[in-house]
Visitor: 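Here it is: the structure, laid out below.
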Amino acid sequence: MEDLLNIERESLKESSIHSLDGRVKLIITFIIIIFAVATQSITTLILMEIYLILLIFLSNVSPSYAIKRLILILPFGGFIALFQPFIRPGDIIWTGPLGIDITIQGTIFGILLLGKVTVSVTAVILLSSTTSMQELVGSARRIGVPSDFAMLLNLTVRYLFFFYDELERIRNAQKTRCFDIWNKNVPYRWRLKKVGETIAMMFLRAYEQGERVYLSMLSRGYTPESRMYTAASTIGRREVLFVAANVIILAVLHIVQILLPVMK
């Protein structure tokens, strides 16, 4: 939850990237991710990562915060890339014990996969660090995301912090009663039982809160045909220039990918 608070804190900063329309940032992020996944050039991925890092510096996002998030998320994709040199067939460049071989094709593919994951994660970090959660939901609704899905996202964002506060209250109540989940002097089964009770209590409170919210929405005229309100916004000159700049940069990278030897 502390990470969510840090994300919101970063998204409330002021910069030329923060002030852009959320729809533009959302669409550009999708385009960058699709381009990164489709490319087969390690050089192109390196240039894309340098460009995204430059945008992060221009957006006034804390470099240590961005690096920390990248390090936390990257191992999920990096774990898969790590095994590629050992499982992908090709020309063997090293033979180890127990029949373990490393191939040049697997090594290149692993580096390529790691580069794709790095660029995609960096793009998402830039988007989430310069756009608040509410703005992301509103932008998704304005670009055509189904209203029901957008409303669920909106409610999730609104009450995520509420349920975190509920969990903290439960944990504080347990602490006042000297409950410590890591206390090895207490039987493991008893500790597991208390954790299960905490989870059950959270589900009950979530259900009760959902009922209260739904009844409150009905009292304000909500019907299945209702649509979530999204504040009007216009695409200005800065947004057009930002889109044009990104399209030109991606086009140049695509040309570079064609001209340079493709690393497979």
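Below, each value reflects all heavy atoms present in this structure, side chains not excepted, and no hydrogens, waters or symmetry copies.
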Visitor: Please determine whether side chain to side chain contact (heavy atoms under 4.5 Å, CB included) holds for the pair L127 and I28, giving the CA-CA distance in whole Å, both sets of side-chain angles, and the decisive distance to 0.1 Å.
Guide: CA-CA 9 Å; L127 173 66; I28 291 298; over 6 Å; no
Visitor: What's the separation between atom NZ in K25 and atom CD in E135, rounded to the nearest 0.5 Å?
Guide: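 K25 NZ to E135 CD: 5.0 Å, rounded to 0.5 Å.
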Visitor: Within a 6.0 Å radius of atom CE on M202, are there more than 12 heavy atoms belonging to other residues, nucleotides or ligands?
Guide: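 Counting neighbours around CE of M202, more than 12 heavy atoms of other residues, nucleotides or ligands fall under 6.0 Å, so yes.
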Visitor: Distance alone, cut at 3.5 Å: any donor-acceptor contact between the side chains of S216 and R220?
Guide: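 Note: S216 and R220 side chains meet the donor-acceptor criterion.
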Visitor: Is the closest side-chain heavy-atom distance between I31 and N246 below 4.5 Å?
Guide: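 Side-chain contact under 4.5 Å: no.
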Visitor: Give the cluster check for L253 versus I27: same hydrophobic cluster or not, with ILVMFWY residues linked at side-chain heavy-atom distances below 4.5 Å.
Guide: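 Yes; tracing contacts between hydrophobic side chains, which count when under 4.5 Å, links both residues.
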Visitor: Is there a side-chain contact between H254 and L250 (heavy atoms, below 4.5 Å)?
Guide: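 Counting from C-beta outward, H254 and L250 never come under 4.5 Å.
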Visitor: For the backbone of H18 and the side chain of T130, can you confirm whether one donor and one acceptor N or O come within less than 3.5 Å of each other?
Guide: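 Looks like no, no N/O pair under 3.5 Å.
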Visitor: Is it the case that over 12 heavy atoms from other parts of the model lie below 6.0 angstrom from the CZ atom of R212?
Guide: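 Yes - once you tally the heavy atoms of other residues, nucleotides and ligands closer than 6.0 Å, there are more than 12.
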Visitor: For a 4.5 angstrom cut-off between non-hydrogen side-chain atoms, does L126 reach S59?
Guide: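 With C-beta onward as the side chain, the pair touches.
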Visitor: To the nearest 0.5 Å, tell me how far I255 CD1 sits from T44 OG1.
Guide: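 Going from CD1 on I255 over to OG1 on T44, the span is 11.0 Å.
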Visitor: If you compare all heavy atoms of L58 against all heavy atoms of S15, which two are closest, and at what distance to 0.1 Å?
Guide: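 In this case the closest contact between L58 and S15 is O-CB, 3.9 Å.
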Visitor: Consider only side-chain N and O atoms of E49 and T118, and report whether a donor and an acceptor are under 3.5 Å apart.
Guide: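 No pair is found: no donor N or O on one side chain lies under 3.5 Å from an acceptor on the other.
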Visitor: CD1/I17 to CZ/F242 distance, rounded to the nearest 0.5 angstrom?
Guide: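 With rounding to 0.5 Å, CD1 (I17) is 4.5 Å from CZ (F242).
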Visitor: In Å, rounded to the nearest 0.5 Å, how long is the span from NZ of K116 to CD1 of I111?
Guide: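 With rounding to 0.5 Å, NZ (K116) is 13.5 Å from CD1 (I111).
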Visitor: How many angstroms lie between CD1 in I199 and CD1 in I170, if you round to the nearest 0.5 Å?
Guide: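 Reported value, rounded in 0.5 Å steps: 10.5 Å.
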Visitor: May I ask you to check whether S19 and R238 show a side-chain donor-acceptor distance below 3.5 Å?
Guide: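 Yes - a donor-acceptor pair under 3.5 Å links their side chains.
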Visitor: What is the distance from atom CZ of R23 to atom CG of L26, rounded to the nearest 0.5 Å?
Guide: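 Going from the CZ atom of R23 to the CG atom of L26 covers 10.5 Å.
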Visitor: So K13 and S129, side chain to side chain contact (heavy atoms under 4.5 Å, CB included) or not? Walk me through it.
Guide: CA-CA 9 Å; K13 290 183 177 180; S129 301; over 6 Å; no
Visitor: Do L55 and F57 share a hydrophobic cluster, counting only Ile, Leu, Val, Met, Phe, Trp and Tyr and linking them when any side-chain heavy atoms are less than 4.5 Å apart?
Guide: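 Each belongs to a different hydrophobic cluster.
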Visitor: For side chain to side chain contact (heavy atoms under 4.5 Å, CB included), just list the numbers for I56 and T122, CA-CA rounded to whole Å, side-chain angles, deciding distance to a tenth of an Å, and then say yes or no.
Guide: CA-CA 9 Å; I56 288 176; T122 305; 3.9 Å; yes
Visitor: Yes or no on side chain to side chain contact (heavy atoms under 4.5 Å, CB included) for I249 and M48, after CA distance, side-chain angles and deciding distance?
Guide: CA-CA 9 Å; I249 290 173; M48 290 181 67; over 6 Å; no
Visitor: Are D21 and R142 packed together at the side-chain level, in the sense that at least one heavy-atom pair is separated by less than 4.5 angstrom?
Guide: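 Heavy-atom side-chain distance check passes, below 4.5 Å.
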Visitor: Compare all side-chain heavy atoms of R69 with those of S128 and state whether any distance is below 4.5 angstrom.
Guide: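 Yes. Closest side-chain heavy atoms under 4.5 Å.
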Visitor: For residues S120 and I33, report the shortest heavy-atom separation together with the two atoms involved.
Guide: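 Minimum heavy-atom contact is OG-CG2, 3.8 Å.
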Visitor: Taking a hydrophobic cluster as the set of Ile, Leu, Val, Met, Phe, Trp and Tyr residues connected by side-chain heavy atoms closer than 4.5 Å, whether directly or through intermediates, do V124 and L70 fall within one such cluster?
Guide: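 No; L70 is not reachable from V124 via cluster members.
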Visitor: Of all the heavy-atom pairs spanning I32 and A123, show the shortest one and how long it is.
Guide: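 Distance-wise, the nearest heavy atoms are CG2-CB, 4.2 Å.
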Visitor: Report yes if the side chains of K193 and R189 come closer than 4.5 Å at any heavy-atom pair, otherwise no.
Guide: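 A side-chain contact is absent here, since even the closest heavy-atom pair is not under 4.5 Å.
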Visitor: Show the numbers, then the answer: is there a salt bridge (charged side-chain N to carboxylate O under 4.0 Å, His left out) between R205 and E208?
Guide: CA-CA 5 Å; R205 294 196 179 185; E208 293 173 353; over 6 Å; no
Visitor: Please answer: with hydrophobic residues joined when any side-chain heavy atoms are less than 4.5 Å apart, are L114 and I53 in the same cluster?
Guide: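 No, L114 does not connect to I53 through the hydrophobic network.
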Visitor: Is there a continuous path of hydrophobic side-chain contacts, each under 4.5 Å between heavy atoms, that joins I71 to V61?
Guide: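 Shared cluster, no.
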Visitor: Between the side chains of S41 and T39, is a donor N or O closer than 3.5 angstrom to an acceptor N or O?
Guide: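 Distance-only check fails for S41 and T39.
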